[in-house]
Each structure stands twice: as structure tokens, then as C-alpha cells.
Amino acid sequence: MIRELFGSGSIYATLRDGLDESTRTHRRIANRVANTTNAIGSAGFASELSRQQQSASARNAEADLEGSMTQLADNQVRFDATARLLQRAYSQIRTALKNG
């Protein structure tokens, strides 16, 4: 019975795997964002601003940063929804165990 509830094919395992994957994705995207912002911050704001205004590759980097931030927000929404589903599923198990 325990394996059926928490085994690899259960909904609980699927939700936990989803949370793990969301965490890995979030860390990967956050690392990419941090590396981009560190590169921008190390040159100084004024010089970086003028360089970005002149450079097409800098505009692409800015678009990549914006896209990464959007991916972070999307991933956070997915993580929160999955966490709520898992919390609700565990709550149902607790209720079932209490009520016998």
C-alpha cells in the first residue's frame, strides 16, 4: 500500500519529481541571469549603458536577459502550483488516515 501511494508511478512521486525539476531549472536560469548582470555591473553603469546603446550584440544580450527573467517568473509559477497540488494531496492522505 505504501508503495502504491508513494512509489515511482504515483501522483505524489510525479509531483515531487516536478518540484525537483523546477528547482534545477530555476537554479540554471538564475545562474545565467546572475552571470549576465555581473558582466554588466563590472564595467560600470554609465560606460555599460553607452556601450549597450551602440552595440547590436548588447541589445541581444539585453533581450536574452529579459527572456531569462520571463522564464524565471514562469518557472516560479509552475513550482508554486505544483507545490500547492502536492500539499493538497498530502492533506487528503492525512484526512483519510485520521478518518480511518
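- In this structure Tyr12 satisfies the ring-ring contact (aromatic ring centres under 6.0 Å, His included) test together with Phe6, Tyr90, sequence neighbours excluded.
- Here the straight-line distance linking atom CG of Leu19 with atom CZ of Arg24 works out to 10.5 Å at 0.5 Å rounding.
- Expressed to the nearest 0.5 Å, how far CG of Asn35 lies from CG of Leu65 amounts to 11.0 Å.
- In plain terms, the two heavy atoms of Ala13 and Ser8 that are nearest each other are CB-O, 3.8 Å.
- Distance check, rounded to the nearest 0.5 Å: OG of Ser91 to CZ of Arg84 gives 14.5 Å.
- For the pair Arg78 and Asp74, the salt-bridge criterion is met [side-chain N within less than 4.0 Å of a carboxylate O].
- The hydrophobic cluster containing Met69 also contains Ile29, counting ILVMFWY residues as joined when their side-chain heavy atoms lie under 4.5 angstrom apart, directly or transitively.
- Between Ser68 and Val33, the shortest heavy-atom distance links the atoms CB-CG2, 3.5 Å.
- A continuous path of hydrophobic side-chain contacts links Ile93 to Leu85 [ILVMFWY only; heavy atoms under 4.5 Å].
- Each of Glu21, Arg27, His26 was compared with Thr23 under the side chain to side chain contact (heavy atoms under 4.5 Å, CB included) criterion, and only Arg27 meets it.
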Given Thr25 and Arg28, is the side chain to side chain contact (heavy atoms under 4.5 Å, CB included) satisfied, shown in steps?
-> CA-CA 5 Å; Thr25 301; Arg28 187 175 58 248; 3.7 Å; yes

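- Of all non-hydrogen atoms in Leu15 and Thr82, the two that sit nearest each other are O-CG2, 3.5 Å.
- Distance check, rounded to the nearest 0.5 Å: CG of Asn75 to OG1 of Thr70 gives 12.5 Å.
- Minimum heavy-atom separation, Gln87 to Arg94: O-NH2, 4.4 Å.
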